Amino acid sequence: QVQLVESGGGLVQTGGSLRLSCAASGRTFSTYAMGWFRQAPGKEREFVAAIRWTGGSPDYADSVKGRFTISRHNAKNTVYLQMNSLKPEDTAIYYCAAARTIVTIKSPGYWGQGTQVTVSS
């Protein structure tokens, strides 16, 4: 069982940066693939980024490539999403997710409660 708690959201101007954190509980965190998703008002939840339990081979949605970086610190049971060059269209609730493998991360078994990111123009 994995429980996830996001933090770090807020209001930022276009071009600014934020770093989201996701703290996980559970002794097996280091074996899970982790991901970030987002949901904008009136839209479906979409994939943003994912990372293997090893920390290697991160995967990104085309819309955030080159601007967002996912990383993890297994000893701290934490995964991060560094967001740079933010745009108004990045405004959404951002969710942390966990899955047994990277193959299933886009249909994860565990979700956090979400953190709001608002980018003003």
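Bear in mind that the values here come from a model prediction, so they are computed numbers and not experimental data.
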Would you give me the side-chain donor-acceptor pairs under 3.5 Å for residues 48-61, sequence neighbours excluded?
residue	atom	partner	partner atom	Å
Thr54	OG1	Gly56	N	3.2
Tyr60	OH	Ile70	N	3.0

Looking at side-chain heavy atoms only, is the closest gap between Met83 and Val12 below 4.5 Å?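 Contact flag for Met83/Val12 side chains = no.
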
Flag the pair Trp36 / Ile105 as yes when at least one side-chain heavy-atom distance between them is below 4.5 Å, and no otherwise.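 No - every pair of side-chain heavy atoms lies 4.5 Å or more apart.
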
Tell me every residue that passes salt bridge (charged side-chain N to carboxylate O under 4.0 Å, His left out) with Glu46, counting only those two or more places apart in sequence or in another chain.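 Partners of Glu46 by the salt bridge (charged side-chain N to carboxylate O under 4.0 Å, His left out) criterion, ordered by chain and then number, come out as Arg38.
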
Of all the heavy-atom pairs spanning [X] and [Y], show the shortest one and how long it is.
{"X": "Thr78", "Y": "Lys76", "value": "OG1-O, 2.8 Å"}
{"X": "Val79", "Y": "Phe29", "value": "N-CZ, 4.4 Å"}
{"X": "Val2", "Y": "Tyr110", "value": "O-CD2, 3.3 Å"}

By the disulfide bond (SG atoms under 2.5 Å apart) test, which pairs, at least two apart or in different chains, include something from residues 1-31?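 Passing the test, one end in residues 1-31: Cys22-Cys96.
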
Is Thr91 reaching over with its side chain to a backbone N or O of Val119, donor-acceptor style, under 3.5 angstrom?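 Yes; at least one donor-acceptor contact below 3.5 Å.
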
Is it the case that the side chain of Gln82 and the backbone of Arg19 share a donor-acceptor pair, with hydrogens and angles ignored and the cut-off at 3.5 Å?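 Looks like no, no N/O pair under 3.5 Å.
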
Before giving the answer on side chain to side chain contact (heavy atoms under 4.5 Å, CB included), spell out for Glu6 and Leu20 the whole-Å C-alpha distance, their side-chain angles and the decisive distance to 0.1 Å. CA-CA 7 Å; Glu6 303 96 334; Leu20 305 183; over 6 Å; no

Residues that Trp111 engages under ring pair (Phe, Tyr, Trp, His ring centres under 6.0 Å), provided they are two or more places apart: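 Trp111 satisfies ring pair (Phe, Tyr, Trp, His ring centres under 6.0 Å) with Phe37 once adjacent residues are dropped.
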
Going by side-chain heavy atoms closer than 4.5 Å, which hydrophobic residues are tied to Tyr80, directly or by a chain of links?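 Result for Tyr80 is none, singleton.
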
Pairs flagged by side chain to side chain donor-acceptor pair (under 3.5 Å) wherever residues 7-18 is involved - sequence neighbours left out: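 Applying side chain to side chain donor-acceptor pair (under 3.5 Å) to every pair that reaches into residues 7-18, excluding sequence neighbours, yields Ser17-Asn84.
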
